[in-house]
K.L.:
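Please see the structure below; I have some questions.
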Protein chains: 2
Amino acid sequence: MESIKIGILGMGNIGTGLYKILQINDEKIKNYANKKIEVKKVLVKNFEKQRDVDIPKELLTLDVDEIIYDPEIKIIVELIGGINPAYDYLKRSIESGKHVVTANKAVIATFGKELDDLAVKHGVQIKFEGSVGGGIPIINTLTESLSANEIEEIVGIINGTTNYILTQMSEFGMDFETALKEAQIKGFAEADPTSDLEGEDAVFKLAILSAVAFNKRVYPDEISREGIKKISQKDIKYASELGYKIKLLATAKKYGNNLELNVHPALIPNKHPLASVNNEFNALFIRGNAVGEVMLYGKGAGSMPTGSAVLGDVLSIIKAIETDGIKNSNNNITSKLVVNNIGQSKYYVRLEVVDEPGVLGKIAINFGKYGVSLESVVQRARGEKTVPLVFITHETDREKLDKALEEISSFSVVDKIASILKVEE
Amino acid sequence: MESIKIGILGMGNIGTGLYKILQINDEKIKNYANKKIEVKKVLVKNFEKQRDVDIPKELLTLDVDEIIYDPEIKIIVELIGGINPAYDYLKRSIESGKHVVTANKAVIATFGKELDDLAVKHGVQIKFEGSVGGGIPIINTLTESLSANEIEEIVGIINGTTNYILTQMSEFGMDFETALKEAQIKGFAEADPTSDLEGEDAVFKLAILSAVAFNKRVYPDEISREGIKKISQKDIKYASELGYKIKLLATAKKYGNNLELNVHPALIPNKHPLASVNNEFNALFIRGNAVGEVMLYGKGAGSMPTGSAVLGDVLSIIKAIETDGIKNSNNNITSKLVVNNIGQSKYYVRLEVVDEPGVLGKIAINFGKYGVSLESVVQRARGEKTVPLVFITHETDREKLDKALEEISSFSVVDKIASILKVEE
């Protein structure tokens, strides 16, 4: 059986998963691809590092050029992560005529268009299923299966770390710090969890989804984001009383020619399929104008699931090479969409107020004054100096809400505006 | 812009959806395919029939040969349904060099291999995403995204009619007949619902999944099936008390070289993602040896969702034609799998017994005698002549269970064995 040679850049978590899958599913892969996949070279930083897989020493190299300029290697898999030097390696790989597969969300979110154009120019493919949602086939679904649809909306839980933390807080009443420590012990949060907690990781993925689903390229910086650090046990409890879960959501919604993109913690009704996506699992809820609602669910990270996505891309390229069917993306159509947060939303607002008669009425009147109508109110705790007063509004502009809250915050009975969260329906 | 001509066989429910999507998403489709899709001919049975879409009269024909032998038509979409004459039309279309797309589960389940071989021989593609799960991208996910995986298990809710009925019975306490009428009124059940209720529809789909996921061709007749007619309000109530929902499941499980295929109503724990798949929605839960658990969820039927899947297939073929990359399936590898129901399972057993002391003990001892151990027992109703006695067993062979129940059914205090259902975990 003929073999096809690949090079792998980076042998960390995902690289190890990929290498393992190549070993355990050797027969399946040969049957599928009609070829044997041979790993010819692996770029590492350190020859001596102990790894979970047994890679022959002679495959390892410290010199990326040995891979990029090896004429026998047809496909290069980049699994280093981060922008530098991964972006440079990917560019040079494409320029040297290699097909490339990557799971690098930072590079694809930031330089996806440049790499795409370069790949078209050099007649090679670039694929990146593993960059969003780990093993969940979201990129393939959007670009292939749902190609007949105008995508209207994507709502996703696409960060496993924050979802694990919020699940622990919700199910076991843990506070944020304890849940974070738990996540770190279980390997669901990194030693420095900033990128996950502050929504940066989710923003990278949402930028990729925006390009793929809406043909609208958006730099990560342009996407508004809010992390989960401010979510308190109180908010989780009140949301639960009102029939909601709090999740870190990445949302993309089209209103006419406007595309609203957000990464934010939000309330989602218990009966919504995303509400029961717990712990390290990810899920993406998609609404297309033909297919209606579709949801994809699975492990959004991890060595084997992401390795599965990466190898799926490699196999797809091998099949295309075999049939001479290298498809070049030709998304040169300029999207008319303007990124704009104009959509209305319901909001959850928690105030801390002095516990005395008439406070609720005074605040409710003020919401009304600015055209914000209320769907529900919860006022439970009593007898403390300040007590939480929780509102869920009907659909409203954020601007109106902010004006109403500005005036409300000046009331002497209002201690503070403790949280404002969107409510997704 | 260049156009590609297609022919459509059948303008019923799905055909109408396809035609509508071609109209409303015209721009998206042109951008995606770099070509205009032109419907050149539509085979109908009746020129005068009132349709939901406005099709120019001159496109309609009563003569299939006008489509099959039109040299300008590159792709033929078969949406007639049923084996005859659809199978004949598909064969002749392929023989005349046309790529074909179909949503016909009966034909693909029964003659998928023959059509596949014929397509390879004639250098054309055959695609059938719409045949399972409506708009849910299950075929594409199994054949492309998860290609690096050995699939170990598929558990699916793939029949919307029965899921709608069971949901109504479970949520509103309806009896089977009332729920069926409700489903018929809402358009989720046909006038003759036999094929859905008795599991035949799900068996077709499971046969297709078996071929696609396990490379194992199984005739629909070879798959054991049980419909939902025997499910009573009592079973739903007891299952609920024990923390389960009853769903009609299609299951495919690999144990070594054995493949167990079943369509049957079964209990599934409330916390399982499939338990909250309600009404007309479908979902497929897949376990791959690399990706772990993945679930796909969406509308499993209907004009627009299925039209979306069909058009996705058409677009994929157009892209392949454009790049000369017609991929021919070459699944000539003989699967080693043997279809065999050898797996163990937990079982739910409802007996109707005389309400007197000692009955439970006597029956429990008898289960033990045959090596069937019990996980839980519910004995609620009192004071009637016979009362239900409900058991959930631990994992056991069906053979042992049947032997135990044979002896139990001979006890004078046992009126009847009212239900035996599998429990999926």
K.L.:
Are there residues of residues 298-310 of chain A that reach to under 4.5 Å of chain B by heavy atoms, and which ones?
P.N.:
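At a heavy-atom separation under 4.5 Å, chain B is reached by A:Gly298, A:Lys299, A:Met304, A:Pro305, A:Ser308.
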K.L.:
Is atom CD of B:Glu425 surrounded by more than 12 heavy atoms (other residues, nucleotides or ligands) closer than 6.0 Å?
P.N.:
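Enclosed.
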K.L.:
Is it the case that more than 12 heavy atoms not belonging to B:Glu2 sit under 6.0 Å from its CD atom?
P.N.:
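For B:Glu2, atom CD is not crowded (no more than 12 foreign heavy atoms under 6.0 Å).
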K.L.:
Using 0.5 Å steps for rounding, measure from the CZ atom of B:Phe281 to the CE atom of A:Met295.
P.N.:
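That separation rounds to 10.5 Å.
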K.L.:
Name the option with the most non-hydrogen atom pairs under 4.5 Å to chain B; the candidates are A:Leu311, A:Leu22, A:Val314, A:Leu296.
P.N.:
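Most pairs with chain B among the choices: A:Leu296.
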K.L.:
Consider side-chain contact (heavy atoms from CB on, under 4.5 Å). Of A:Val291, A:Leu142, A:Asn140, A:Thr141, which one does B:Pro137 pass it with?
P.N.:
A:Thr141
K.L.:
Show the nearest heavy-atom pair for residues B:Ser147 and A:Leu315, with the distance to one decimal.
P.N.:
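Closest pair (atom of B:Ser147, atom of A:Leu315, distance): OG-CD1, 3.4 Å.
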K.L.:
Do you know which of A:Val294, A:Ile139, A:Ile286 has the most heavy-atom pairs with chain B at a distance under 4.5 angstrom?
P.N.:
A:Val294
K.L.:
Given the rule in the side chain to side chain donor-acceptor pair (under 3.5 Å) test, do A:Asn25 and B:Asn289 qualify, once you have shown the distances and angles that lead to the verdict?
P.N.:
CA-CA 9 Å; A:Asn25 289 351; B:Asn289 73 340; 2.6 Å; yes
K.L.:
Could you measure the distance from the OH atom of A:Tyr297 to the CG atom of B:Leu284? Nearest 0.5 Å is fine.
P.N.:
14.5 Å
K.L.:
Quick one: pull up CG in A:Asn270 and OG in B:Ser276 and give me the separation to the nearest 0.5 Å.
P.N.:
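Taking CG in A:Asn270 and OG in B:Ser276, the distance rounds to 11.0 Å.
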K.L.:
Under a 4.5 Å heavy-atom cutoff, which of B:Ala283, B:Gly135, B:Gly288, B:Ala290 has the most pairs with chain A?
P.N.:
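When all of B:Ala283, B:Gly135, B:Gly288, B:Ala290 are compared, B:Ala290 has the most.
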K.L.:
How many angstroms lie between atom CD1 of B:Ile138 and atom OG of A:Ser145, to the nearest 0.5 angstrom?
P.N.:
10.0 Å
K.L.:
Chain B: which of A:Gly312, A:Gly134, A:Pro273, A:Ala148 shares the most heavy-atom pairs with it under 4.5 Å?
P.N.:
A:Ala148
K.L.:
Which one, A:Lys20, A:Glu150, A:Glu129, leads in non-hydrogen pairs under 4.5 Å with chain B?
P.N.:
A:Glu150
K.L.:
Give a yes or no answer on whether the side chain of B:Tyr32 reaches the backbone of A:Thr143 with a donor-acceptor pair at less than 3.5 Å.
P.N.:
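It does hold such a pair.
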K.L.:
Calculate, to the nearest 0.5 Å, the distance between atoms CG and NZ belonging to A:Asn215 and B:Lys28 respectively.
P.N.:
8.5 Å
K.L.:
Which answer fits B:Ile21, side chain, backbone, both or neither, if we ask what part of it has an atom under 4.5 Å from a heavy atom of chain A?
P.N.:
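Contact with chain A is through the side chain of B:Ile21 alone.
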